[in-house]
K.L.:
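Just dropping this structure here.
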Amino acid sequence: MAQAASRNRKLAARIAEHSTGIIASLLFAAPIVWAVLSTFKPAAEARLPPLPPWPTSGFSLENYATLDTFGDGLWVSAQNSIYVSVMTVVLSVVVSVLAGYGFSRFRFPFKDLFFILILSTIMIPFQSILTPIFLVLTKLGLHNTLTGLVGVYVTLQLPFSIFMMRNAFDAVPREIEEAARMDGASNATMLLKVMLPLVWPGVVTIALFAFLGAWNEFLAALVLMTDQSKFTLPVMMTALQSGRFGAIDWGAVQAGVTVMMVPCLILFLALQRFYIRGLMAGAVK
């Protein structure tokens, strides 16, 4: 009887855990599913009260077609966002991996001071330095260019990325590096073939942070980009939200939200196991 009662309690606890997980998942997924279903409503139906969330008069791609009429079109803004995000990821990863490895494994004068100075920039609000950034880019001839916007995003990402990569390299036992040194590995070989595979979760983590930050950033793109052909997706969304003649096309707004949301969801779901491992590796030091 005691064993049966114990099994029943364990079964009840397991059912409660799974039920709680399912309910929490549904609560988190419901707004996303709601937004995606709303994009397939005809424009006239999308302006009506939002219940039910799915289209009642047939599925339509009218909202996505309308989305392409704002600014220079959806594809132009998407191309700009893709270019800015990918270049931000590439440059952030390259610089932070090199800097993190240097801070972790090499000795040089004022190393700790330089690292503290880099970290201290995280405490500076981005809005407070937007005017100096604007003036610097104008002086360099990079104002209203996607290259200048990439430079701003990389600068904002580097303090956190360098901190994460230094911690990731610190978590690798030095005995592995010493064994590779005895086999004649150079600094480049050590980094690329020995250390980099071991800190790969940290690399994925900073790459995801860089992509999400660049893909969703709005203020810098709004202030620094004046040419409509250089607008990214978040800036294009302002045209949707302001509407034409004061009327907001809610169907097109939901379509824009979906277009911006889908790449982030796909990347996160594909790389989440590396992301969690990278965050844990960067948090223990």
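Worth knowing before you read on, the calculation uses all heavy atoms, side chains too, and leaves out hydrogens, waters and symmetry mates.
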K.L.:
Once you round to the nearest 0.5 Å, how far does CZ of Phe218 lie from CE of Met237?
P.N.:
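Rounded to the nearest 0.5 Å, the CZ-CE separation comes out at 10.5 Å.
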
K.L.:
Any donor-acceptor pair under 3.5 Å linking the side chain of Ser81 with the backbone of Leu233?
P.N.:
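Checked: pair present.
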
K.L.:
Around atom CZ of Phe108, are there more than 12 heavy atoms of other residues, nucleotides or ligands at under 6.0 Å?
P.N.:
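Atom CZ in Phe108 is crowded, with more than 12 foreign heavy atoms closer than 6.0 Å.
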
K.L.:
Where the side chain of Trp215 meets the backbone of Met260, is there a donor-acceptor pair that is under 3.5 Å apart?
P.N.:
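Judged by distance alone, yes, a pair lies under 3.5 Å.
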
K.L.:
Between Leu224 and Leu142, is the side-chain contact (heavy atoms from CB on, under 4.5 Å) condition met? List the steps.
P.N.:
CA-CA 9 Å; Leu224 301 177; Leu142 295 175; over 6 Å; no

K.L.:
Decide yes or no for Leu137 and Val152: does some side-chain heavy atom of the first lie under 4.5 Å from some side-chain heavy atom of the second?
P.N.:
yes

K.L.:
Given Asn80, which of Leu149, Leu146, Val235 fulfils the side chain to side chain contact (heavy atoms under 4.5 Å, CB included) condition?
P.N.:
Leu146

K.L.:
Is there a path of hydrophobic side-chain contacts, each under 4.5 Å between heavy atoms of I/L/V/M/F/W/Y residues, joining Val262 to Val257?
P.N.:
no

K.L.:
Got a donor-acceptor contact below 3.5 angstrom from the Ser92 side chain to the Val89 backbone?
P.N.:
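Here the side-chain-to-backbone pair does not exist.
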
K.L.:
So do Leu192 and Pro197 actually touch side chain to side chain, heavy atoms under 4.5 Å?
P.N.:
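They are not in contact (no side-chain heavy atoms under 4.5 Å apart), so the answer is no.
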
K.L.:
Indicate yes or no for a side-chain donor-acceptor contact from Glu17 to the backbone of Gly21 under 3.5 Å, with no hydrogens or angles considered.
P.N.:
no

K.L.:
Taking atom NZ as the centre, does Lys193 end up with more than 12 heavy-atom neighbours from other residues, nucleotides or ligands that are less than 6.0 angstrom away?
P.N.:
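Check fails, neighbour count at 12 or below.
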
K.L.:
Could you check whether Arg166 makes a cation-pi contact with Phe115, meaning its NZ or CZ is under 6.0 Å from the centre of the six-membered ring and within 45° of the ring axis?
P.N.:
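Output yes; distance and angle both within limits.
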
K.L.:
Are Phe169 and Phe103 close enough that some pair of their side-chain heavy atoms sits under 4.5 Å apart?
P.N.:
no

K.L.:
Just so I know, are the side chains of Gln254 and Val36 near enough to count as touching, which here means a heavy-atom distance under 4.5 Å?
P.N.:
no

K.L.:
Could you tell me which non-hydrogen atom of Val223 sits nearest to which non-hydrogen atom of Phe134, and how far apart they are?
P.N.:
O-CE1, 4.2 Å

K.L.:
To the nearest 0.5 Å, what is the distance between CG (Leu158) and OG (Ser161)?
P.N.:
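If I round to the nearest 0.5 Å, the distance is 6.0 Å.
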
K.L.:
Without swapping roles, check the side chain of Ser120 against the backbone of Leu117 for a donor-acceptor pair under 3.5 Å.
P.N.:
yes

K.L.:
Sequence neighbours excluded, which residues qualify as side chain to side chain contact (heavy atoms under 4.5 Å, CB included) partners of Thr131?
P.N.:
Leu135

K.L.:
Using modelled atom types and a 3.5 Å cut-off, is there a donor and acceptor pairing between side-chain atoms of Lys230 and backbone atoms of Asn144?
P.N.:
yes

K.L.:
Please tell me whether Phe110 and Ile162 are part of a single hydrophobic cluster in this structure, the criterion being side-chain heavy atoms less than 4.5 Å apart.
P.N.:
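Hydrophobic grouping puts Phe110 with Ile162.
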
K.L.:
Taking a hydrophobic cluster as the set of Ile, Leu, Val, Met, Phe, Trp and Tyr residues connected by side-chain heavy atoms closer than 4.5 Å, whether directly or through intermediates, do Leu113 and Leu119 fall within one such cluster?
P.N.:
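Yes, because Leu113 and Leu119 connect within a single hydrophobic cluster, where side-chain heavy atoms sit under 4.5 Å apart.
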
K.L.:
Between Ser104 and Asp170, does any side-chain donor sit less than 3.5 Å from a side-chain acceptor?
P.N.:
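A pair is found: one side chain offers a donor N or O, the other an acceptor, under 3.5 Å apart.
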
K.L.:
Can you see which heavy atom on Ile122 is nearest to which on Phe160, and at what distance?
P.N.:
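The pair with the smallest heavy-atom distance is CD1-N, 4.1 Å.
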
K.L.:
Please answer whether the main-chain N or O of Ala220 pairs with a side-chain N or O of Glu217 as donor and acceptor at a distance below 3.5 Å.
P.N.:
yes

K.L.:
Provide the closest heavy-atom pair for Val76 versus Ser229 in the form atom of the first, atom of the second, distance.
P.N.:
CG1-O, 3.6 Å

K.L.:
Ignoring hydrogens and geometry, is there a side-chain-to-backbone donor-acceptor pair from Thr121 to Ile118 under 3.5 Å?
P.N.:
yes

K.L.:
Evaluate the side-chain contact (heavy atoms from CB on, under 4.5 Å) criterion for residues Leu196 and Val199: first the C-alpha distance (whole Å), next the side-chain angles of each, then the deciding distance (0.1 Å), finally the verdict.
P.N.:
CA-CA 5 Å; Leu196 196 58; Val199 298; 4.2 Å; yes

K.L.:
Is there a donor-acceptor contact under 3.5 Å from the side chain of Ser128 to the main chain of Pro125?
P.N.:
yes

K.L.:
Could you report the tightest heavy-atom contact between Val93 and Ala207, atom names first, then the distance?
P.N.:
CG2-CB, 4.0 Å

K.L.:
For side-chain contact (heavy atoms from CB on, under 4.5 Å), just list the numbers for Thr88 and Phe211, CA-CA rounded to whole Å, side-chain angles, deciding distance to a tenth of an Å, and then say yes or no.
P.N.:
CA-CA 7 Å; Thr88 300; Phe211 180 86; over 6 Å; no

K.L.:
To the closest 0.5 Å, what do you measure between OH (Tyr101) and CZ (Phe106)?
P.N.:
5.0 Å

K.L.:
Would you give the length of the straight line joining atom CG of Leu140 to atom OG1 of Thr147, rounded to the nearest 0.5 angstrom?
P.N.:
12.0 Å

K.L.:
Could you give the distance from OG (Ser96) to CD1 (Ile206), rounded to the nearest 0.5 Å?
P.N.:
3.0 Å

K.L.:
Step by step, work out the side-chain contact (heavy atoms from CB on, under 4.5 Å) result for Gln127 and Leu219.
P.N.:
CA-CA 8 Å; Gln127 296 81 356; Leu219 183 59; 3.6 Å; yes

K.L.:
Can you tell me if Ser19 uses its side chain to pair, donor with acceptor, with the backbone of Ala16 under 3.5 Å?
P.N.:
no

K.L.:
How long is the gap from CZ on Phe126 to CD1 on Ile133, to the nearest 0.5 Å?
P.N.:
5.0 Å

K.L.:
Looking at every non-hydrogen atom in both residues, tell me the closest pair between Arg105 and Val172 and how far apart they are.
P.N.:
NH2-O, 2.8 Å

